[in-house]
Amino acid sequence: MARRSADPDSSSPNLKTSSTGLRRSDRFLLGLSSFDRVIFVSHVQPDPDSLGSMLGLAHLVETRLGKPTLITRDGLISRAENRAMVDVLRLDLVPVEKMNWGPNDAVVMVDSQPRTGRHTFPDSVKLYAVLDHHDTPGDLEGVTFTDIRSAHGATCTLVTKYLLEQGAPIPEKVATALLYGIETEVTGFPREASSSDDAALIALYPIADKDIIARIRNARLPHSYFECTLQAMQSSFIYDRLMMSWVNPLPQPEQAAEVVDFMIRFERVDYAFCGGVYEDSLILSVRSAIENARAGEILRQVVGKLGRAGGHDRRAGGSIPLSSTAPSAIEDLQSELRRRFLKALKIEDVRGQRLVPLREMLQNLQS
Ligand SMILES: [Mn+2]
């Protein structure tokens, strides 16, 4: 059972009788009783936290209410580990563009919030519920049930709580997805994890298939991954405690996040940023290695009205639609973003220092 101390928003008693004593998971399920089917949606390029949350809640609804459910995929899943998760766990995802939204369908959004620019399905789709842990505020008007806990490291933690609260048996596949979902969200250091995340991990660990998790975590990588990493290293500049890398074009949109996951390990910087063109957008990703980094807030400030951005304290992402992909237009945008980033981090307009000096790059080519 989940520990409940140190977690102010889960201190509700186990009362089911009075309306005030209803737990959140009771209210979530109660409101679904009048619907015929429950459809789960998440953000574009769903990550393990999205996938695990949809799977866990679908299981809860099926076992407690006996209603049919659907889990969906918005956009592509391209990161090798995330693809492996879908394949190995045989997740049956319906592409969101192929959905027929029925009048008596309940739509539940996980790991994201409405009108944050992270969805391709129409805004007219009415949501029954939103369960999320992002700092990025969405437009929750008209949503019947909301449970937003930015203190949680993962939405999967919230879903695990619901399953435990309801005493629902957690099958191996669901536990594996939830465990991996939490793990991927809290791997950085300092950890963006609460005692609730650790309690969920402890509850899931004995049930989850650890071999499957190892297989997902060590998914084989395509050639483009290495090409992209090389390009990122060669384009990286250090400005005081910030490193900025550019990859044009990105082989797939999630690669910007993979670059910063790697670059933030560099001992001399506190912030790593990567930007790259994918189709007609500039994809942005940020990581920080310090506490109270406000990465999501900073990226939102940097991007401003140019596009959209959001995330957490130490991890953030965003995108800017491009009116032109001409090299000069992209260069202009890159220098504007650099200027804004240095300003946001109060770094004097220093001359950037290459991570790999040009001389060394040339020497490497000759050897
Ligand atoms: Mn998440």
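For clarity, every value in this text was computed on a predicted model and none was experimentally measured. Order of listing sets the numbers, starting from 1, for every ligand and every atom in it.
The structure places CZ of R287 at 10.0 Å from SG of C274, a figure rounded to the nearest 0.5 Å.
Coordination check, D132 versus the Mn ion (ligand 1): failed, since every N/O/S atom of the residue sits at 2.8 Å or beyond. The distance from the Mn ion (ligand 1) to the nearest N/O/S atom of D47 is not under 2.8 Å. Residue H134: no N/O/S atom is found under 2.8 Å from the Mn ion (ligand 1).
Y128 and F28 have tilted rings, their planes meeting at an angle from 30° to 60° on a 0 to 90° scale.
For D111, the N, O or S atom with the smallest separation from the Mn ion (ligand 1) is OD1. Nearest N, O or S atom of H133 to the Mn ion (ligand 1): atom NE2. Closest approach between the Mn ion (ligand 1) and any N/O/S atom of D49 involves OD2.
Annotation: side-chain contact (heavy atoms from CB on, under 4.5 Å) contacts of L337 (sequence neighbours excluded): W246, L282, L284, V302, L306, I320, L333.
No more than 12 heavy atoms of other residues, nucleotides or ligands lie within 6.0 Å of CG in N100, so this atom counts as exposed by the packing criterion.
Each side-chain hydrogen bond (donor to acceptor under 3.5 Å, both in side chains) pair with one or both residues in residues 201-220, not counting sequence neighbours, appears once here: E183-R217.
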